[in-house]
Amino acid sequence: MLVMLSDISQEDHDRLKQLGAADNKFWSTDDAAHAPLVAAFRSEVKTYYWQRQARRCCYCSKELDESKAAYDAEHIVHKDEFPQFMFELTNLSVACKTCNGVKKNKNVFALDVSLEEVPHLSSEYIVVHPHLDEWHEHFSFDAISRIVPLNGSAKGAETIEVCGINYLNAARLADYFLPAEFGAVQSALEGFFRVKRRGWKIKYLSVLNGLVSDLNYEPARTIIEALRDEV
Ligand SMILES: [Zn+2]
């Protein structure tokens with residue numbers, strides 16, 4: 001993981017850590033005295049981790065476009081409650097807009113971690129950690145190409161929940177329902193993934209059936225049958 005910066009001096013990095021620790025909004029400061037340095041830091045971190053993570057979101061593994069506007073620098077431990085880690089390189093990675101946006105300031109800690117420094121053990125996190133865990137040890141793609149927890153990985157399941165990875169799963173499966181109305185299909189699939197009760201899952205399956213009822217469309221039926229086997 002990134003241990004030193006080439007564009008930012010150690011002195012400036014230390015200053016950023018201090019200023020960030022005192023102001024949890026400092027990451028997007030518009031203070032003209034500091035904003036250029038923060039922007040330079042963000043830019044370098046994004047470039048580094050974009051390359052280091054093989055251009056992929058650290059949570060859902062989606063490929064990230066090269067444009068820096070297309071993805072976010074991700075604070076693994078969120079900066080609202082833990083601004084002291086805002087500029088810690090070990091607490092940063094890159095994530096897609098969806099994962100970062102859904103994850104927001106959700107808890108990632110297992111219980112009883114010390115918060116004087118960034119926790120550095122995999123066991124101290126309930127989500128798959130971009131630097132401490134291996135993505136492929138916690139996730140796999142199932143027979144209908146959804147991202148699912150590998151061998152029941154608890155961290156994989158938690159990360160799917162915390163980062164809203166089922167939004168991506170729903171969008172990918174909705175492709176198989178075209179030319180049915182994409183948004184309605186995606187929404188029904190999201191509902192199916194979100195609810196826990198069997199009765200509700202069956203209701204979402206009938207919505208999906210209704211959306212393709214006029215179509216003789218085999219790919220969609222294959223997906224519906226696969227989901228039906230799960231309830
Ligand atoms: Zn993602």
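Quantities reported herein were computed from a predicted structural model and do not represent experimental measurements. Each ligand, and each atom within it, is numbered from 1 in the order the structure gives. Sequence positions, counted from 1, serve as the residue numbers for this chain.
- With a cut-off of 2.8 Å, the Zn ion (ligand 1) has no N, O or S atom of C58 in range.
- If you put the vertex on the Zn ion (ligand 1), SG of C60 and SG of C96 sit 110° apart, to the nearest 10°.
- Geometrically, K46 engages Y71 in a cation-pi contact, judged by NZ or CZ lying under 6.0 Å from the ring centre and within 45° of the ring axis.
- Residue C57: an N/O/S atom is found under 2.8 Å from the Zn ion (ligand 1).
- Closest approach of P219 to Y176, counting heavy atoms only: CB-O, 3.7 Å.
- W135 approaches C60 most closely through the heavy-atom pair CZ2-O, 3.8 Å.
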- Message: I'd like to know whether H34 forms a ring-ring contact (aromatic ring centres under 6.0 Å, His included) with F41, so could you lay out the CA-CA distance, the side-chain angles of the two residues, the decisive distance to 0.1 Å, and finally the verdict.
- Response: CA-CA 11 Å; H34 303 299; F41 179 90; over 10 Å; no
